[in-house]
**Student:** 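The structure is given below, and queries will be raised subsequently.
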Protein chains: 2
Amino acid sequence: MTICGQKGKKTTEKLEGGKCSCPESRMERFIQPCLLLLLYEYPYSHGYNLLIDLKDFGFGTASDPGALYRNLRRMEEDGLVSSKWETGKSGPAKRVYELTPEGEELLHAWVENIKRNKKNLEYFLRRYKKQF
Amino acid sequence: MTICGQKGKKTTEKLEGGKCSCPESRMERFIQPCLLLLLYEYPYSHGYNLLIDLKDFGFGTASDPGALYRNLRRMEEDGLVSSKWETGKSGPAKRVYELTPEGEELLHAWVENIKRNKKNLEYFLRRYKKQF
DNA sequence: ACATATATATGTTATTAACATATAGTTCAA
DNA sequence: TTGAACTATATGTTAATAACATATATATGT
């Protein structure tokens with residue numbers, strides 16, 4: 001999709017404070033396997049915690065709550081997770097999420113795709129190193 | 001974007017011939033650094049050859065000529081490559097492409113991003129391995 | 001003569017991250 | 001006491017582009 005903080009600009013114009021000009025792209029829909037894995041590791045996590053944990057996977061200090069909650073909803077619609085409101089606690093209402101068997105299955109399938117992608121990136125870097 | 005051959009379907013419905021159900025996603029806009037590297041390695045390549053060479057990077061047997069030519073046009077608009085029609089040859093008219101200094105510069109910038117992505121995928125796989 | 005390969009290209013659609021904005025309950029600092 | 005910050009959840013809108021579809025033209029092979 002668009003590049004972080006660079007919407008509507010040419011690739012070569014996308015500079016800010018002398019920072020790296022390359023697109024801040026990541027593997028498409030990488031948020032989904034990350035959420036699946038996080039929910040495997042920590043069942044009954046709630047959204048805000050998942051938002052924080054996503055930083056471990058490179059989602060950056062400005063993880064987007066819109067993307068997170070929309071993905072969680074879609075994953076629930078697809079039967080990959082289930083959720084319920086946590087009761088009896090003080091503070092803002094919390095919704096906790098749990099992986100389903102289908103979600104666990106998809107996690108394993110994602111891993112195969114991630115392995116392929118890793119290989120492709122490694123191959124790219126090998127060819128690049130041959131030149132520079 | 002959408003998943004290869006699975007437009008308009010839920011993730012969990014996206015099965016075909018018992019194949020892997022996971023999304024065939026790749027790093028966003030990965031075609032660009034691949035084209036930049038290919039043009040560094042082989043200056044004056046033409047589109048159709050680049051289409052074939054992209055398979056090395058995981059773009060699959062059905063690399064999309066639409067995506068290729070559109071990306072080449074945008075890269076030329078952005079000053080990353082330049083092109084001219086090859087003359088004096090028989091057969092369909094060929095357009096050959098050449099990297100510009102700006103394009104080479106962006107190639108190096110892309111490499112940093114690709115390294116970060118590789119690290120994130122590796123981190124994900126390490127955490128996954130801890131569980132399974 | 002027709003199919004396939006070699007070449008280039010545009011139109012359209014689906015998807016979703018980025019960006020924007022909103023509400024609400026608590027805690028903490030001034 | 002008040003306001004900011006943190007903790008929580010969520011929807012609306014836009015930009016970008018890969019996927020999908022389709023097209024034209026020149027050669028070669030059967």
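We name chains A, B, ... by the order of the sequence lines, and we start the count at 1 in each one. Values below: all heavy atoms of this structure, side chains included; hydrogens, waters and symmetry mates excluded.
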**Student:** Which protein N or O atoms sit under 3.5 Å from an N or O of nucleotides 2-11 of chain D?
**Tutor:**
unit_1, atom_1, unit_2, atom_2, d
D:dT7, OP2, A:Tyr48, OH, 2.9
D:dA8, OP1, A:Lys94, NZ, 3.1
D:dA8, OP2, A:His46, NE2, 3.1
D:dT9, OP1, A:Arg95, N, 2.7
D:dT9, OP1, A:Arg95, O, 3.2
D:dT9, OP2, A:Gly47, N, 3.1
D:dT9, OP2, A:Tyr48, N, 2.7
D:dT9, OP2, A:Tyr69, OH, 2.5
D:dT9, O5', A:Tyr69, OH, 3.4
D:dA10, OP1, A:Arg73, NH2, 2.4

**Student:** Tell me, please, which residues at least two apart from B:Tyr69 pass side-chain hydrogen bond (donor to acceptor under 3.5 Å, both in side chains).
**Tutor:** none
**Student:** Could you state the atom-to-atom distance from CD1 of A:Ile31 to P of C:dT16 in whole Å?
**Tutor:** 12 Å
**Student:** Just N and O in the side chain of A:Arg29: are any of them under 4.0 Å from OP1 or OP2 of C:dT16?
**Tutor:** yes
**Student:** Quick one: list whatever passes side chain to side chain contact (heavy atoms under 4.5 Å, CB included) with A:Glu98, sequence neighbours left out.
**Tutor:** A:Tyr44, A:Ser82
**Student:** Determine yes or no for a side-chain-to-main-chain donor-acceptor pair under 3.5 angstrom, with B:Ser45 supplying the side chain and B:Leu50 the backbone.
**Tutor:** no
**Student:** The criterion is side chain to side chain contact (heavy atoms under 4.5 Å, CB included); which residues satisfy it with B:Glu76, sequence neighbours excluded?
**Tutor:** B:Val81, B:Ser83, B:Arg95, B:Tyr97
**Student:** Give, for atom OH of B:Tyr48 and atom CG of B:Asp53, the distance between the pair rounded to the nearest 0.5 Å.
**Tutor:** 11.5 Å
**Student:** Nearest-Å distance, CG (B:Asn71) to P (C:dT8)?
**Tutor:** 15 Å
**Student:** Return the value, rounded to whole Å, for the distance between atom CE of A:Met75 and atom P of C:dA17.
**Tutor:** 12 Å
**Student:** Name all residues meeting the ring-ring contact (aromatic ring centres under 6.0 Å, His included) criterion together with A:Tyr40; count only those two or more places apart in sequence or in a different chain, and write none if there are none.
**Tutor:** B:Phe132
**Student:** Distances under 3.5 Å only, N/O to N/O: pair up the protein atoms with those of nucleotides 28-30 of chain D.
**Tutor:**
none

**Student:** Using the ring-ring contact (aromatic ring centres under 6.0 Å, His included) criterion, which residues pair with B:Tyr42? Sequence neighbours excluded.
**Tutor:** none
**Student:** Rounded to the Å, how far apart are B:Leu72 CG and D:dA18 P?
**Tutor:** 12 Å
**Student:** Mind checking side chain to side chain contact (heavy atoms under 4.5 Å, CB included) for A:Leu125 and listing every partner two or more places apart, or none if nothing turns up?
**Tutor:** B:Val111, B:Ile114, B:Lys115, B:Lys118
**Student:** Just jot down the side-chain hydrogen bond (donor to acceptor under 3.5 Å, both in side chains) partners of B:Asp56, sequence neighbours excluded, or say none.
**Tutor:** A:Arg127
**Student:** Holding to side-chain hydrogen bond (donor to acceptor under 3.5 Å, both in side chains), I want the full list of residues that pass it with A:Arg26, two or more places apart in sequence or in another chain.
**Tutor:** none
**Student:** To 10°, what angle do the rotation axes through the five end pairs on each side of the helix from C:dA1-D:dT30 to C:dA30-D:dT1 form?
**Tutor:** 10°
**Student:** Using links of under 4.5 Å between side-chain heavy atoms of ILVMFWY residues, direct or through other members, which residues join B:Trp85 in one cluster?
**Tutor:** none
